[in-house]
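What follows is a set of notes on a single structure, which appears directly below.
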Amino acid sequence: MWYAVGELVKGDCMARIRINRAFVEALLGMRGMTLRDLADASGVGEATVYRMVNGAPFRSETLGKVAEALGCHPVDLIVGEGYASPHVGAPATATAGS
């Protein structure tokens with residue numbers, strides 16, 4: 001089973017989710033990969049990967065394939081509009097006792 005991802009509706013609340021482009025680009029950079037490499041590794045069409053990363057709706061099945069190719073969990077790749085990504089650099093803080 002697959003679900004179209006982009007807008008999730010529950011009751012009166014609607015959330016928009018999208019691919020966290022900066023996080024995907026960071027993962028690609030760490031692995032020395034391009035979007036074309038990601039498409040090849042995931043078995044997803046290059047145009048589909050490009051559209052996903054640029055904000056187009058996508059299927060949960062496709063998200064799973066891309067996440068597997070990047071070696072992460074699908075939830076790591078998405079962010080809800082209006083919510084901060086969990087993959088942002090936290091400011092350095094002093095450790096306890098210093």
query: Does any non-hydrogen side-chain atom of Asn20 lie less than 4.5 Å from one of Ile78?
result: no

- prompt: Residues two or more places apart in sequence or in another chain: which of them pass side-chain hydrogen bond (donor to acceptor under 3.5 Å, both in side chains) with Asp40?
  reply: none

Would you give me the side-chain donor-acceptor pairs under 3.5 Å for residues 62-70, sequence neighbours excluded?
none

task: Identify the heavy atoms of Gly32 and Asp37 that sit nearest to each other, and give their distance.
output: O-OD2, 4.0 Å

message: Looking at every non-hydrogen atom in both residues, tell me the closest pair between Phe58 and Met52 and how far apart they are.
response: CB-CG, 3.6 Å

statement: Residue pairs passing the side chain to side chain donor-acceptor pair (under 3.5 Å) test with at least one member in residues 42-51, sequence neighbours excluded, are Arg36-Glu46, Thr48-Arg51

message: Nearest 0.5 Å, please: how far is OG1 in Thr34 from CD in Glu25?
response: 12.0 Å

- prompt: For the atom pair CG (Leu27) and CG (Leu77), what is the distance rounded to the nearest 0.5 Å?
  reply: 7.0 Å

